[in-house]
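Worksheet: one structure, shown below.
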Amino acid sequence: MNLALLPPPSPPVQSVAAWPLQPRPEVVRGFELPAKPWLPGHRGVDLAGRPGQPVLAATPGTITYAGALAGRGVITITTGPRRTTYEPVVPAVSVGATVKTGTVIGRLSAAGSHCRPRSCLHWGLIQGKQYLNPLTLLPNRPVRLLPLTDRQAQPAEAAPRGTSPDLSPDPAPDGPPDSNGRAAKLVIAATAALTLTAGLLIRRA
């Protein structure tokens with residue numbers, strides 16, 4: 001069998017994602033995964049919008065939910081193990097419909113907004129039972145800059161004047177360390193000799 005005649009393997013199919021609001025909306029609040037499933041967090045992102053604005057399918061798939069949930073209109077699009085959610089939305093599609101990226105699935109509702117008094121779309125992503133950041137679906141997702149921390153390197157303090165930077169001991173004075181002691185001994189010896197000589201001369205006189 002000639003392997004050279006075999007066609008190259010096709011790349012894995014990847015669904016194309018886009019912003020669910022146009023023009024590109026402001027991210028009012030980002031994704032905050034809670035430390036534990038039962039702890040508070042933000043399981044999605046809030047996108048600034050206006051009441052009545054068209055809500056678009058961010059990914060292709062099948063509508064698996066379109067209706068009220070906890071007082072808010074919710075739409076779910078399922079693609080394999082992945083589901084994208086949109087709320088609060090007045091649905092314009094029915095369960096079982098197949099949509100493409102960019103299909104209008106409803107209108108943004110002012111009721112149940114996460115950003116009161118502003119209106120915003122809460123966009124979520126779930127894979128299996130795990131909540132994920134829906135912005136990771138976008139080919140050119142926004143970059144969020146973090147504030148600088150206070151833990152910055154501080155310049156080293158200058159050494160006090162007259163102090164060696166390496167803390168080595170002060171240098172010894174010029175000349176041999178015992179030169180002063182020798183000079184003192186010579187002076188004492190000379191004085192003693194003069195005193196002895198003077199005493200002898202006095203006795204002879």
> Can you list every salt bridge (Lys or Arg N to Asp or Glu O under 4.0 Å) pair that touches residues 47-62, not counting sequence neighbours?
Replying inline: none
> Closest approach of D46 and C120, non-hydrogen atoms and distance?
Replying inline: CB-SG, 3.9 Å
>> Minimum heavy-atom separation for A17 and T101, please, with both atom names.
In response: C-CG2, 4.2 Å
> Where do G52 and R107 come nearest, in terms of heavy atoms and distance?
Replying inline: O-CD, 3.1 Å
>> Per the salt bridge (Lys or Arg N to Asp or Glu O under 4.0 Å) rule, what does the pair list look like for residues 119-131, sequence neighbours excluded?
In response: none
> Got a sec, which residues hit side chain to side chain contact (heavy atoms under 4.5 Å, CB included) with A110, two or more places apart in sequence or on another chain?
Replying inline: P51, S119
> Between T64 and I77, is any pair of side-chain heavy atoms under 4.5 Å apart?
Replying inline: no
> Got a sec, which residues hit salt bridge (Lys or Arg N to Asp or Glu O under 4.0 Å) with R118, two or more places apart in sequence or on another chain?
Replying inline: E26
> Going from CZ on F31 to OG1 on T136, what distance comes out if it is rounded to the nearest 0.5 angstrom?
Replying inline: 8.5 Å
Which donor-acceptor pairs under 3.5 Å do side chains of residues 88-96 form with protein atoms, sequence neighbours excluded?
none

> Under 4.5 Å between side-chain heavy atoms, hopping through other hydrophobics if needed: is there a path connecting L138 to L121?
Replying inline: yes
> Any idea how W19 and W123 line up, ring-wise: parallel (<30°), tilted (30 to 60°), or perpendicular (>60°)?
Replying inline: tilted
>> Please say yes or no: joined through hydrophobic side-chain contacts below 4.5 Å, possibly via intermediate residues, are V28 and L56 part of one cluster?
In response: no
>> Could you measure the distance from the CG atom of L125 to the OG1 atom of T85? Nearest 0.5 Å is fine.
In response: 8.0 Å
>> Looking at E32 and V45, would you say the former's side chain and the latter's main chain have a donor-acceptor pair under 3.5 Å?
In response: no
Under 3.5 Å donor-acceptor pairs involving side-chain atoms of residues 69-76, not counting sequence neighbours:
residue, atom, partner, partner atom, Å
R72, NE, E87, OE1, 2.6
R72, NH2, E87, OE1, 3.1

